[in-house]
Protein chains: 4
Amino acid sequence: MSPRPDVRDERVNQILDAAELVFAQKGFNQARMEDIAEEAGLSKGTLYLYIKDKDDLIVSILDRIFTGVFELMSTRDLAEKSATDALLDFASKMSHGYQKLSRLLPIAYEFFSLAFRNPVVQKVLKTYLQHYLESVLPVIQRGVDSGEFKEVDPQEVAIAFAAIFEGTTLLWAYNQELIHLDQHILAGVNLLLEGIWA
Amino acid sequence: MSPRPDVRDERVNQILDAAELVFAQKGFNQARMEDIAEEAGLSKGTLYLYIKDKDDLIVSILDRIFTGVFELMSTRDLAEKSATDALLDFASKMSHGYQKLSRLLPIAYEFFSLAFRNPVVQKVLKTYLQHYLESVLPVIQRGVDSGEFKEVDPQEVAIAFAAIFEGTTLLWAYNQELIHLDQHILAGVNLLLEGIWA
Amino acid sequence: MSPRPDVRDERVNQILDAAELVFAQKGFNQARMEDIAEEAGLSKGTLYLYIKDKDDLIVSILDRIFTGVFELMSTRDLAEKSATDALLDFASKMSHGYQKLSRLLPIAYEFFSLAFRNPVVQKVLKTYLQHYLESVLPVIQRGVDSGEFKEVDPQEVAIAFAAIFEGTTLLWAYNQELIHLDQHILAGVNLLLEGIWA
Amino acid sequence: MSPRPDVRDERVNQILDAAELVFAQKGFNQARMEDIAEEAGLSKGTLYLYIKDKDDLIVSILDRIFTGVFELMSTRDLAEKSATDALLDFASKMSHGYQKLSRLLPIAYEFFSLAFRNPVVQKVLKTYLQHYLESVLPVIQRGVDSGEFKEVDPQEVAIAFAAIFEGTTLLWAYNQELIHLDQHILAGVNLLLEGIWA
DNA sequence: CATGAATGAGGTTTCATTCAT
DNA sequence: TATGAATGAAACCTCATTCAT
């Protein structure tokens, strides 16, 4: 309808794409706004038509990442399966998702570090954990209720699962020769499942 | 040779202590050399008598940390116990060690992030994983050999254990209200053990 | 020639009105062209259809101001009065005029400052003084010639009058609680008149 | 006593001298910090060891100016003279002082302009007027009390005197060919005195 | 051994101006 | 005529590092 289709969303994504790439390559502080502008195919000044400042890029990138991951964690279609299959499916989806996001790992750890002194970042991460638990806890509870699992504490199990995801990813991050992300996530998950089967 | 031969070591540790503190509080990039000097009770110029430059502090701090953690991982006294008890002991020691190092977590994640583009940091982290595996693999193997554990792949189990350590720590890092470091590490380890007992 | 021949004048005044307001509020350098555009209800780009550049606004505004003040200083109807009444009338008109222009004072002092390094501005101010003297000198001379005033130097008196106007305004500019513009201008003028009456 | 005599005061004055010069030549906004550094014979970075930021220079310069002018306005030795002589002496001192400060006039008017939106600057100017009145009012009152002057309102007279000082200076600022600072201040003051003599 | 004054390269951000639509 | 997206020069300020004392 409007003469020029709204260019803002396009530009913002263009800039966030570029920022992700440059941050991953150089780290947040070594990344110069000019690098990002160049990578985005825009000029330095144009960046500031669409973002507030450099820090703003952090929150914007986090938002985009988690929006994607939250969709990934949707458990709509897990209800019909056994708890075990639902967890395995979930694990498989997460492991694929993490692999696709792997280019963002350097950024991720920088942001984790930031979370210790930046309340906004901290909040985003807390929300992430919350979402995760809301997705997984009911499935585990269902397994316990149905007698498929032992009488475990669902929250402890959910956290152990999450630890396997995050921990394996972290190990993989610093030794990609020794660790194979989906294989070792799957192995870890299976070990946990062995531990909770009735 | 110099009048007080160990004034150097004393000063270096003084500086690294200060750097750890300031890095943890402000992050590597926001930390000013002047902050570190002040925290160390020295002057800016004096710092440069004992360190090469700011980047040098990263490697020096990592070295100090891992020297400590490596001692922690020594398995000298694990040989006489059952594999299960040995792993539980190990887990308990690690969980305590991590807790003591928790003030360094913000630095740790910054360094993980750095590992993606700094070969020296990467090497330190690889060595760490190597050390860990060398400590834990024989214990697991012993458990398998003695029939205490199922016929699992020791490396997969070792990595799952490490993932529990690192992953729980990471989760704790961003939600210390929900996660209790040693309780949830212990829970995770127990779940894994349940999964591998014969 | 163009469909609405005087849209240009209308737009230019629209822009100068906006510029006066914004300059007075923020000062010349803090005023952004965008602020002026917004205040004028136009777009940034449109401004440049009617003005050369930001500096051009200074001269245009000065021109408009002095055109107004020159009309104010017209002494057409002073000829029939006594020199004293003529001067009092003149003072009263000026004092009213200054009060009406008071919203422009912040700009005025910025322009005075500019006069020291901008020849165009300097010329405008010199012309202003010239105009003033041409209006007032004959009246004073008439007062001397008619014996209404002592044998004073008309130029010295004219300058003292001007100093009272400008000086009181300046004092008022930085203490509007203590100084009341027309009251203190009138008081000053009366003191001067007392000094020159024969 | 101390190995290096305190260098701070020296540097600060060095910087303020340079800033006055550069501000007077280019105006506050056109003056680049680098210009000031160069003029001061220091490096850009060194400036910031001694001043907070560019704005800080404004207040510091004002402070230095007014400290000087306040000393000028001291009326210690005016008590023994007739009120008329005291005022003439005062006027003469002020006129000399203004002439010496004339290089700062471009700065002064820029600061006057600033006063409209900067409370700190406003306060400095108000204090200045206060000081002035405290110096001059008692002298005028004495003249009234002794019968040397008519029954005038001392405050109105004081303000008229100040207006003559400030107004003549302003006129001189934009036409130094037509106006001669001390001659025309003296003339103005004499006219006022003629007006108030009993 | 220790100091801290001085340096200056480098990065973020702003904003006057242009021009395709 | 009017727009507003895009540009890029320019300037403030920081801070790691050096070196004379």
Side-chain angles (χ1 to χ4, degrees), chain A residues 3-4 6-8 10-11 29-38 40-57, chain B residues 2-4 7-8 11 29-38 40-57, chain C residues 2-4 7-8 10-11 29-38 40-57, chain D residues 2-4 6-8 10-11 29-38 40-57:
Chain A
R4 273 175 286 172
D6 207 23
V7 83
R8 170 162 286 274
E10 184 189 333
R11 287 284 172 279
N29 277 279
Q30 301 309 315
R32 291 175 298 120
M33 292 307 279
E34 184 134 30
D35 298 329
I36 297 172
E38 199 176 348
L42 297 169
S43 80
K44 229 182 328 171
T46 305
L47 256 50
Y48 288 88
L49 297 177
Y50 300 102
I51 59 155
K52 200 171 119 313
D53 55 22
K54 200 183 178 188
D55 281 341
D56 184 47
L57 285 171
Chain B
S2 62
R4 279 188 294 162
V7 74
R8 167 160 289 269
R11 286 282 177 279
N29 280 282
Q30 303 308 315
R32 282 145 62 248
M33 293 303 278
E34 181 132 30
D35 297 329
I36 297 173
E38 197 178 350
L42 296 170
S43 78
K44 235 181 322 174
T46 306
L47 256 51
Y48 286 86
L49 297 175
Y50 298 102
I51 57 156
K52 198 170 123 305
D53 54 25
K54 199 184 179 188
D55 283 335
D56 185 45
L57 286 171
Chain C
S2 62
R4 279 188 293 163
V7 74
R8 166 161 289 270
E10 183 189 334
R11 287 281 177 279
N29 280 280
Q30 303 308 315
R32 282 143 65 248
M33 292 304 278
E34 183 134 29
D35 298 329
I36 296 171
E38 199 178 348
L42 297 170
S43 78
K44 234 182 323 173
T46 306
L47 255 51
Y48 286 87
L49 298 175
Y50 299 101
I51 58 155
K52 198 170 123 302
D53 54 25
K54 199 184 178 188
D55 282 336
D56 184 45
L57 286 171
Chain D
S2 66
R4 272 175 287 172
D6 208 25
V7 84
R8 169 160 288 273
E10 183 189 335
R11 288 283 173 279
N29 276 279
Q30 302 308 316
R32 289 176 300 119
M33 292 307 279
E34 186 134 28
D35 297 331
I36 297 172
E38 200 175 346
L42 298 169
S43 79
K44 225 185 330 172
T46 305
L47 256 50
Y48 288 89
L49 297 177
Y50 299 100
I51 59 154
K52 201 171 120 310
D53 54 24
K54 200 184 177 188
D55 281 341
D56 185 44
L57 285 171

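What's counted below: heavy atoms across the whole structure, side chains too, no hydrogens, waters or symmetry copies. Reminder, nothing fancy here: chain letters follow the sequence lines and each chain counts from 1.
- Whole-Å rounding puts the D6(D) CG to dG4(E) P distance at 12 Å.
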Q.
So if I define the base as every atom that isn't primed, P, OP1 or OP2, how would nucleotides 9-16 of chain F read as a B/S/- string at a heavy-atom cutoff under 4.0 Å?
A. -BSSBBSS

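- Atom-to-atom, OH of Y50(A) to P of dG4(F) comes out at 12 Å; the value is rounded to the nearest Å.
- We find that CG of L47(C) is positioned 12 Å from C1' of dT3(F), with the value rounded to whole Å.
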Q. What's the verdict on side-chain contact (heavy atoms from CB on, under 4.5 Å) for R11(D) and L49(D), showing C-alpha distance, side-chain angles and the deciding distance?
A. CA-CA 9 Å; R11(D) 288 283 173 279; L49(D) 297 177; over 6 Å; no

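- Across the protein-nucleic acid pair, E38(B) atom CD and dT3(E) atom C1' stand 15 Å apart, rounded to whole Å.
- Straight-line distance from the CG atom of L42(D) to the C1' atom of dA5(E): 11 Å, rounded to whole Å.
- Taking a pair as Watson-Crick or G-U with both hydrogen-bonding distances under 3.5 Å, the stems of three or more pairs touching DNA chain E are E:2-21 with F:2-21.
- For dC1(E) and dT21(F), the P atoms lie 23 Å apart once the distance is rounded to whole Å.
- The side-chain hydrogen bond (donor to acceptor under 3.5 Å, both in side chains) analysis of residues 42-53 of chain D, with sequence neighbours excluded, yields the pairs S43(D)-T46(D).
- We find the CD-CD1 distance between E34(C) and I36(C) to be 11.0 Å, quoted to the nearest 0.5 Å.
- Here the closest non-hydrogen pair linking D35(C) and Q30(C) is OD2-O, 4.2 Å.
- Regarding contacts with the backbone of dA6(E), a side-chain N or O of R11(D) is found under 4.0 angstrom from either OP1 or OP2.
- Here the closest heavy-atom approach between residue M33(B) and residue L47(B) is recorded as O-CD2, 3.5 Å.
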